[in-house]
Amino acid sequence: MGTEVEQGTTIDAERLAAIRADFPILAAEPAGVPLVYLDSGATSQQPRQVLDAEWAFRTGRNAAVHRGAHTLAGLATDDYEAARERIARFVGARPERLSWAMNATDALNEVGLSLAEANRAPAVDPRLRIGPGDEILITEAEHHANLLPWQRLADETGATLRWIAVDDDGVWTEADALAAITGRTRLIAIAHVSNVTGLVAPVEAIVAAARAHGALVVLDACQSVPHRPVDLDALGVDAAAFSGHKMLGPGGIGVLYLRAELGDALPPARVGGSMITTVTMTERDFLPAPQRFEAGTQPVSAIVGLAAAVDYLEGVGMAAIDAHELALGRRLAEGVTAIDGVRLVGPRPGAERAGVASVIVDGVHAHDVGQVLDAQGIAVRVGHHCAQPLHRRLGVAATTRASAYLYTTEGEVDRFLDVLAGVRDYFGAR
Amino acid sequence: MGTEVEQGTTIDAERLAAIRADFPILAAEPAGVPLVYLDSGATSQQPRQVLDAEWAFRTGRNAAVHRGAHTLAGLATDDYEAARERIARFVGARPERLSWAMNATDALNEVGLSLAEANRAPAVDPRLRIGPGDEILITEAEHHANLLPWQRLADETGATLRWIAVDDDGVWTEADALAAITGRTRLIAIAHVSNVTGLVAPVEAIVAAARAHGALVVLDACQSVPHRPVDLDALGVDAAAFSGHKMLGPGGIGVLYLRAELGDALPPARVGGSMITTVTMTERDFLPAPQRFEAGTQPVSAIVGLAAAVDYLEGVGMAAIDAHELALGRRLAEGVTAIDGVRLVGPRPGAERAGVASVIVDGVHAHDVGQVLDAQGIAVRVGHHCAQPLHRRLGVAATTRASAYLYTTEGEVDRFLDVLAGVRDYFGAR
Amino acid sequence: MSDPLAGLYQELILEHAKRREGEGLIEPYDAERFLKNPTCGDEIRLRVRLEDGRIAALGWEGQGCSISQASASVLAEEAPGLAVADARVRIEALRELLRSRGAAEPDEQLLGDAVAFAGVARFPMRVKCAMLAWVALEEALLEAEAR
Amino acid sequence: MSDPLAGLYQELILEHAKRREGEGLIEPYDAERFLKNPTCGDEIRLRVRLEDGRIAALGWEGQGCSISQASASVLAEEAPGLAVADARVRIEALRELLRSRGAAEPDEQLLGDAVAFAGVARFPMRVKCAMLAWVALEEALLEAEAR
Ligand SMILES: Cc1ncc(COP(=O)(O)O)c(C=O)c1O
Ligand SMILES: Cc1ncc(COP(=O)(O)O)c(C=O)c1O
């Protein structure tokens with residue numbers, strides 16, 4: 001890594017400046033004013049180290065992996081498998097438990113499609129069996145990516161989709177979860193950290209309850225893996241998904257984590273080359289995981305880029321990043337709560353929340369709020385953030401969300417709060 | 001585009017040199033000797049113009065598309081949709097007919113999975129109906145990516161998988177195809193150009209016969225779109241798939257082409273964010289194509305890179321590239337045929353073949369052939385090229401394949417032929 | 001600090017966003033359209049009644065940003081009395097103006113108060129908001145005529 | 001031109017690839033394994049018979065590259081008479097040598113003719129070829145003992 005940032009428990013001003021200098025886009029002025037990028041929850045920006053790693057791969061080692069026998073193919077395969085090991089180490093997973101997808105949505109669909117296929121087979125592996133009378137449990141706050149695949153799985157298998165309801169703030173508790181997990185629960189799919197409310201799910205308690213009832217746990221780790229230390233093997237979840245583009249990596253790479261028992265039992269949703277042993281015109285046999293889930297040419301350059309992103313994140317230190325973002329989350333929550341006519345969604349100030357704050361501005365539509373912020377160079381996301389049911393429950397069609405990352409400064413948060421405080425006046429909403 | 005290469009009907013020596021200078025990897029010496037890259041059929045190399053386009057996007061315009069409302073998101077969305085239009089123009093398609101996949105394998109699976117789902121619904125759109133008594137028609141030469149999804153679809157729907165058999169050379173004819181298409185045929189899936197034999201399929205005749213019998217046609221365009229002018233709307237196929245990494249673009253981007261009737265009738269295989277209109281906890285409504293098939297964050301940088309690749313290809317001219325490669329294919333076929341104890345697979349010299357030649361060396365395993373070539377810097381692919389049934393029919397487990405692209409020179413082909421001619425002696429296989 | 005949004009949020013727009021002219025679902029009606037912008041959740045339900053080839057009445061209900069609500073309000077103020085063909089010309093003129101990215105000159109004569117939306121053209125992501133009600137009318141007119 | 005492949009294709013390997021020592025499926029046998037390398041299509045079917053904790057006989061059938069065939073042939077020549085435990089030690093030693101990427105020194109004493117495969121270590125993509133028969137024996141021994 002070019003920049004010398006040492007692992008620590010916090011990110012001080014000097015280190016923050018060094019980090020920011022690694023991200024070319026943070027110096028851009030797309031709206032004619034300095035960019036204040038508070039939309040990392042949607043997609044993060046990339047440091048030059050990631051771009052450099054991909055460039056080096058593409059201009060010096062690019063070839064088809066696990067197919068070619070020539071030297072270049074060997075180099076590419078080495079990079080490919082080294083990247084898998086690197087990313088696996090980052091999330092506390094044995095390498096063979098990770099396979100690749102287009103994005104996290106794709107990875108979650110892969111699990112849902114595979115489970116549906118497994119349950120159409122005449123003899124279903126009992127660990128995978130889901131049917132009428134069984135329940136699939138999610139929460140009312142899920143991202144559509146962690147909702148639609150389970151709706152469909154329930155529809156296809158005849159199981160019932162149940163959900164943990166949220167309160168007026170969009171919050172649910174460990175007690176709510178434990179009350180909902182019963183002997184009928186066959187699969188639990190939850191976001192580790194909510195992309196709207198910043199709520200952190202009690203994964204350990206949920207996994208323990210699931211184990212006790214023989215249910216599978218699927219973790220949507222899209223908003224946790226990029227921002228805090230996560231050890232998937234230790235958490236004991238059965239499957240997990242996250243996206244490279246939310247963690248300093250390139251687009252086009254999602255990661256699917258599958259415990260060994262699941263990896264070898266699930267029929268692959270995507271079939272084709274490089275994942276088979278023997279193929280005849282009518283029959284096919286599949287390789288074991290992870291290759292089983294890697295049909296066709298994989299996004300190797302993006303995987304190499306993601307490994308570089310992971311190097312970068314660990315160079316800074318995930319504990320330090322977590323502390324930095326929790327502090328920003330606090331600042332956001334407190335700052336927003338102090339503004340008249342602005343309602344904070346999610347955990348109250350003081351309660352744990354990731355570095356994200358979604359707000360409702362009385363009398364002003366989120367789109368208009370976002371426009372006023374954008375005019376000052378502040379990029380936030382407005383809309384339902386792919387969580388329509390949650391927004392319906394909150395009684396609005398859209399919220400305005402500011403989300404932070406390791407490169408976000410307190411000054412940027414303050415700038416956001418400052419402009420936000422003036423929005424209602426601008427629209428005469430008093 | 002940096003290099004000034006004008007559209008023409010051939011690629012002359014000067015232009016070829018200019019083209020090669022755009023590909024940094026062609027100057028690499030991974031095996032300690034100059035690289036002779038004859039594995040473009042597996043994956044192509046990328047010109048710096050593609051890298052530059054991606055770099056510019058990632059460092060200046062990167063954001064979530066079709067989600068954000070801020071200026072940066074607007075720029076990213078503009079690039080994203082402009083790239084779709086650019087790529088669509090390249091393949092003669094209306095832009096809304098293209099959606100994105102991880103690779104061509106994924107795109108073909110999407111069609112297969114969607115058709116299976118459509119046929120599980122109580123009321124099946126009659127155009128999509130496939131069931132017992134119906135036939136799915138492929139050829140014995142298909143890539144696994146265009147075989148396994150249809151095996152599975154046949155298994156799931158109760159339809160019969162039929163195939164056009166190949167002859168001892170791995171070749172099939174228009175007459176074979178027309179004889180196989182009957183009133184029972186519901187879907188025909190064929191490679192436009194074979195990745196092993198270089199055979200060019202008679203798509204027009206097949207589409208006409210399919211239309212006459214009301215069958216759908218799915219075209220595996222992986223080896224045609226990169227190498228010759230292709231006009232998908234004009235061909236009249238119902239669906240098509242190709243991969244960016246085989247056409248100077250980055251990995252991680254596949255393209256799915258769907259005719260409007262199909263695009264709006266098919267249930268999407270992948271469900272999640274950005275492809276819905278209204279979502280409740282139990283119901284979901286989908287957007288029309290193409291967004292319907294674009295769940296989650298798309299590989300935007302790769303799509304921008306692919307648009308730059310397409311710019312590059314058209315800067316050279318697809319007719320010129322086609323002519324260049326047909327000439328190389330002829331040279332390969334003739335040269336190989338002249339070597340004692342080496343058997344050419346696919347069309348005989350003189351018959352049309354793309355710029356690819358797969359060979360069987362008497363008494364020497366393909367892996368050993370490839371090793372000898374690699375020692376001289378010549379990168380070819382050895383193995384079954386994801387076409388095991390074809391290789392079984394040819395009576396071998398593996399062949400050695402040389403495949404050319406716009407940057408391949410006659411000198412490189414000759415170098416390959418030269419070393420190939422010495423292989424049997426090396427192993428004493430006389 | 002000069003207001004970079006002055007071109008977008010014209011006085012007339014902010015005023016119409018509050019006034020919500022024509023809000024309410026008329027009865028009887030010849031056609032109704034419900035449209036939604038999935039990105040931001042804006043919704044509109046619009047009804048229209050025709051008499052002798054003219055728009056006799058128009059009413060709407062909806063929620064959304066100030067641009068989308070103001071544009072429905074302006075439409076409701078301007079549409080009644082227009083011949084169907086003239087309404088179509090106006091809708092098309094507004095669409096062209098908004099898609100011009102600021103390059104086109106607004107035709108005040110033709111567009112009336114809707115020229116206030118000219119500034120939207122420089123905010124491409126808001127074009128859909130400004131067009132929502134107008135597209136709903138366009139589709140409703142087609143439907144009404146098809147009956 | 002010096003032969004960059006001399007380290008890989010040793011005389012002994014090329015000779016064994018032709019000789020195919022031990023080819024044929026023995027009867028009776030205690031365990032059989034069929035292994036396949038999906039990348040290149042190499043296949044081996046290997047049978048082993050044990051007597052008093054020793055390998056009494058070993059036979060194989062297969063197809064593949066010269067490395068994989070020669071390695072099966074060398075194995076068939078060396079294995080008979082070995083104690084099962086000793087065979088395991090040799091298999092592990094070969095595996096370590098081949099995975100060393102050229103860094104490890106081969107133990108000639110232990111490996112016998114199999115040292116000829118030392119050169120494979122510098123061709124990582126051929127390691128699987130050289131190990132195929134040996135892994136088949138490793139698995140067959142486990143199976144034979146499990147019975
Ligand atoms: C004819 C053909 N079809 C399908 C594929 C699969 O393409 P991908 O690996 O990019 O999914 C390939 C390339 O491997 C091919 O050559
Ligand atoms: C919690 C959560 N789950 C899933 C997703 C989907 O991720 P992707 O769009 O990369 O598939 C996101 C991001 O949009 C998210 O925040």
Side-chain angles (χ1 to χ4, degrees), chain A residues 24-25 28 30-31 39 42-43 45-46 51 55 58-60 62-64 67-72 75 102-103 105-106 109 143-145 148-149 151-152 161 163 243 245 250-252 270-273 276 279-282 284 295-297 299-302 367 370 374 379 381-382 386 388-389, chain B residues 24-25 28 30-31 39 42-43 45-46 51 55 58-60 62-64 67-72 75 102-103 105-106 109 143-145 148-149 151-152 161 163 243 245 250-252 270-273 276 279-282 284 295-297 299-302 367 370 374 379 381-382 386 388-389:
Chain A
I25 209 170
D39 198 16
T43 202
Q45 297 300 343
Q46 297 164 37
L51 298 167
W55 185 285
R58 295 203 206 173
T59 59
N62 179 52
R67 293 190 173 189
H70 52 78
T71 302
L72 200 59
L75 296 174
M102 190 179 186
N103 50 31
T105 303
D106 184 35
N109 273 278
H143 189 282
H144 295 162
L148 273 63
Q151 285 185 351
R152 180 168 61 183
L161 186 73
W163 55 89
S243 270
H245 71 91
R270 256 188 298 258
V271 292
I276 51 85
V279 172
T280 69
M281 286 307 286
T282 51
R284 56 207 171 272
T297 306
V300 185
S301 167
H367 228 116
D374 186 53
R381 180 144 173 227
V382 297
C386 298
Q388 284 187 8
Chain B
I25 208 170
D39 198 16
T43 202
Q45 298 300 343
Q46 296 162 38
L51 298 166
W55 186 285
R58 295 202 206 173
T59 59
N62 179 52
R67 293 189 173 189
H70 50 79
T71 302
L72 201 58
L75 295 175
M102 189 178 187
N103 50 31
T105 303
D106 184 35
N109 273 278
H143 189 283
H144 295 162
L148 273 65
Q151 285 185 351
R152 181 168 61 183
L161 186 72
W163 55 90
S243 269
H245 72 90
R270 256 188 299 256
V271 292
I276 51 85
V279 172
T280 70
M281 286 307 286
T282 51
R284 55 209 171 272
T297 306
V300 185
S301 166
H367 228 116
D374 186 52
R381 180 144 173 228
V382 297
C386 299
Q388 284 187 8

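Letters A, B, ... are given to chains in the order of the sequence lines, protein chains preceding strands, and every chain is numbered from 1.
- Of the residues considered (Thr59(A), Thr297(A), Val300(A), Val279(A)), Val279(A) shows the highest number of contacts with chain B, using heavy-atom pairs under 4.5 Å.
- Here the CD1-CG distance, from Ile25(B) to Leu72(A), works out to 4.5 Å after rounding to the nearest 0.5 Å.
- Note that the NE2 atom of His70(A) and the CZ atom of Arg381(B) stand 9.0 Å from one another [nearest 0.5 Å].
- Residues His144(A) and Arg284(B) have side chains not in contact (no heavy-atom distance under 4.5 Å, counting atoms from C-beta outward).
- Looking at every heavy atom in both residues, Thr71(B) comes nearest to Pro30(A) through CG2-O, 3.4 Å.
- Side-chain atoms of Asn62(B) do not come within 3.5 Å of backbone N or O of Gln45(A) as any donor-acceptor pair.
- By the 4.5 Å heavy-atom criterion applied to side chains, Ile276(B) and Gln388(A) are counted as neighbours.
- Heavy-atom minimum distance, Ala69(A) versus Val382(B): CB-CG2, 3.7 Å.
- Taking each heavy atom of Ala64(A) and Ala42(B) in turn, the nearest pair found is CB-CB, 3.9 Å.
- Residue Asn103(A) comes nearest to Gly296(B) through the heavy atom pair ND2-C, 3.6 Å, listed as atom of the first residue, atom of the second, then distance.
- Under the 4.5 Å side-chain criterion, counting only non-hydrogen atoms from C-beta, Val271(B) is in contact with Asn109(A).
- Between Leu148(A) atom CG and Arg270(B) atom CZ the span is 14.0 Å, to the nearest 0.5 Å.
- Residue Ala302(B): no heavy atom, backbone or side chain, is found under 4.5 Å from chain A.
- When each of Gly251(B), Ala295(B), Ala145(B) is scored by its heavy-atom pairs under 4.5 Å with chain A, the top score falls to Ala295(B).
- Chain B forms the most heavy-atom pairs under 4.5 Å with one residue out of Ser243(A), Gly273(A), Gly370(A), and that residue is Gly273(A).
- At a 4.5 Å heavy-atom cutoff, the contact between Leu75(B) and chain A is made by side-chain atoms alone.
- Taken from CD in Gln151(B) to OG1 in Thr282(A), the straight-line distance is 6.5 Å, to the nearest 0.5 Å.
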